[in-house]
Amino acid sequence: MIALISDIHSNLEALTAVLEDIDSRGAAERIYCLGDIVGYGPDPEACIDLVMERCPIHLLGNHDYALLNGAVGFNSIARGAIDWTRERMQPAAKSEPEMVRRWHYLEELEQIRQEGHVLFVHASPRDHINEYVLPTDADYNQEKLADIFDHMDKVCFVGHTHLPGIMTTEPRFLFPEEMDEECSVGDKKLVVNLGSVGQPRDGDKRASYVEYDGERVFFRRVEYDYDMTVAKVLMQSGLDERCGTRLMVGR
Ligand code: ZN
């Protein structure tokens, strides 16, 4: 069994709760992180340190890329949070070794991992860090989906939209509650979205992640102390308050 987490967005309370949940289930031998460890939230360093310690596989997300290279095409709230994060984290000549180590670690992240027929990326098999595979694409973008499915063998795990569920080749998007929070892969081609650990946007405030045993995908939700995260956001003048308040509604 592997556990898959994504879109932590510097939310230490959510990340800690998810790691505890994975540990208490005791089934996952490894934890993979599919990117966007930074952005929006108040605890980038602590989240990076935890993922460095716990996740042997960690892929690059668009917010991680923006931290290193500049936030192009971001809205003002997201860009503001990335600029705030960079100000804290970018090493200078006399920086602490941990700062330098974290920055180099982010610079080394890969964009894609393939294991047999299974693919792992932050966003989409044809645009690894930026393309959104949205639930509404099943109704309005069927050619886009057909091309995306042409770019993968069997199962592709993604994050990025912060909306957990699976996209089938029909095409149809199924939210976890429409399939009793789990699904069998069989010989189907599926894009599996993990949802977001640190900033869920499906109306459910709980942190989202997935476990996968090679045949079945299990969608997990975990309560965490978002009041604490919101309070930390509000204490940082460089973070827009909406980076915090949206956690209270899961949007
Ligand atoms: Zn994200």
Side-chain angles (χ1 to χ4, degrees), residues 3-15 17-18 31-44 46-48 50-51 55 57-86 89 106 109-113 120-125 127-137 156-165 167 191-210 219-222 224 226 229-230 233 239-240 242-247 249-251:
L4 298 158
I5 64 176
S6 185
D7 298 272
I8 293 149
H9 290 300
S10 303
N11 184 334
L12 181 62
E13 289 71 33
L15 176 59
V18 162
I31 307 172
Y32 292 3
C33 176
L34 304 193
D36 275 8
I37 185 151
V38 298
Y40 301 119
D43 283 310
C47 289
I48 292 170
L50 259 182
V51 168
C55 302
I57 302 298
H58 182 187
L59 302 177
L60 185 78
N62 56 315
H63 286 252
D64 312 317
Y65 182 88
L67 175 68
L68 300 168
N69 301 292
V72 178
F74 277 38
N75 66 45
S76 63
I77 296 173
R79 189 176 347 107
I82 285 296
D83 291 344
W84 175 86
T85 307
R86 189 183 305 108
M89 289 194 55
L106 293 175
L109 295 181
E110 305 278 346
Q111 289 194 14
I112 185 164
R113 180 173 179 84
F120 304 89
V121 291
H122 177 65
S124 151
D127 176 347
H128 304 152
I129 67 168
N130 285 310
E131 183 174 55
Y132 291 90
V133 184
L134 291 162
T136 48
D137 287 339
C156 179
F157 288 95
V158 302
H160 194 43
T161 65
H162 301 204
L163 300 170
M167 183 69 81
V191 176
V192 179
N193 196 306
L194 320 178
S196 168
V197 169
Q199 195 193 83
R201 293 180 192 159
D202 60 346
D204 184 337
K205 301 184 284 274
R206 297 173 299 167
S208 176
Y209 77 98
V210 153
F219 291 89
R220 311 287 194 206
R221 296 306 282 248
V222 186
Y224 76 96
Y226 57 83
T229 320
V230 175
V233 169
L239 292 176
D240 190 287
R242 281 165 285 184
C243 293
T245 51
R246 66 188 302 171
L247 302 176
V249 286
R251 292 280 177 202

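The residues of the chain are indexed from 1 along the displayed sequence. Every number for a ligand or one of its atoms is a count from 1 in the order of the listing.
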Enquirer: Short of 2.8 Å from the Zn ion (ligand 1), name each protein N/O/S atom, waters not counted.
Expert: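 Asp7 OD1, His9 NE2, Asp36 OD2, His162 NE2, with waters left out.
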Enquirer: May I ask you to establish whether Arg221 and Tyr209 are in a cation-pi arrangement, using a distance under 6.0 Å from NZ or CZ to the six-membered ring centre and at most 45° from the ring axis?
Expert: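 Not flagged: Arg221 not positioned over aromatic ring of Tyr209.
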Enquirer: What distance separates Leu247 CG from His9 NE2, expressed to the nearest 0.5 Å?
Expert: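 Those atoms lie 10.5 Å apart.
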Enquirer: Regarding Tyr224 and Asn11, is there a side-chain donor-to-acceptor distance under 3.5 Å anywhere?
Expert: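 Checked: Tyr224/Asn11 side chains pair up, N/O donor to acceptor below 3.5 Å.
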Enquirer: Evaluate whether atom OH of Tyr32 has more than 12 neighbouring non-hydrogen atoms of other residues, nucleotides or ligands under 6.0 angstrom away.
Expert: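 Counting other residues, nucleotides and ligands, OH of Tyr32 exceeds 12 neighbours.
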Enquirer: Is the distance between the ring centroids of His122 and His128 under 6.0 Å?
Expert: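 No, they do not, as the ring centres are separated by 6.0 Å or more.
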Enquirer: Should His160 and Asp36 be marked as a side-chain hydrogen bond (donor to acceptor under 3.5 Å, both in side chains) after you check the CA-CA gap, both sets of side-chain angles, and the distance that decides it?
Expert: CA-CA 8 Å; His160 194 43; Asp36 275 8; 4.7 Å; no
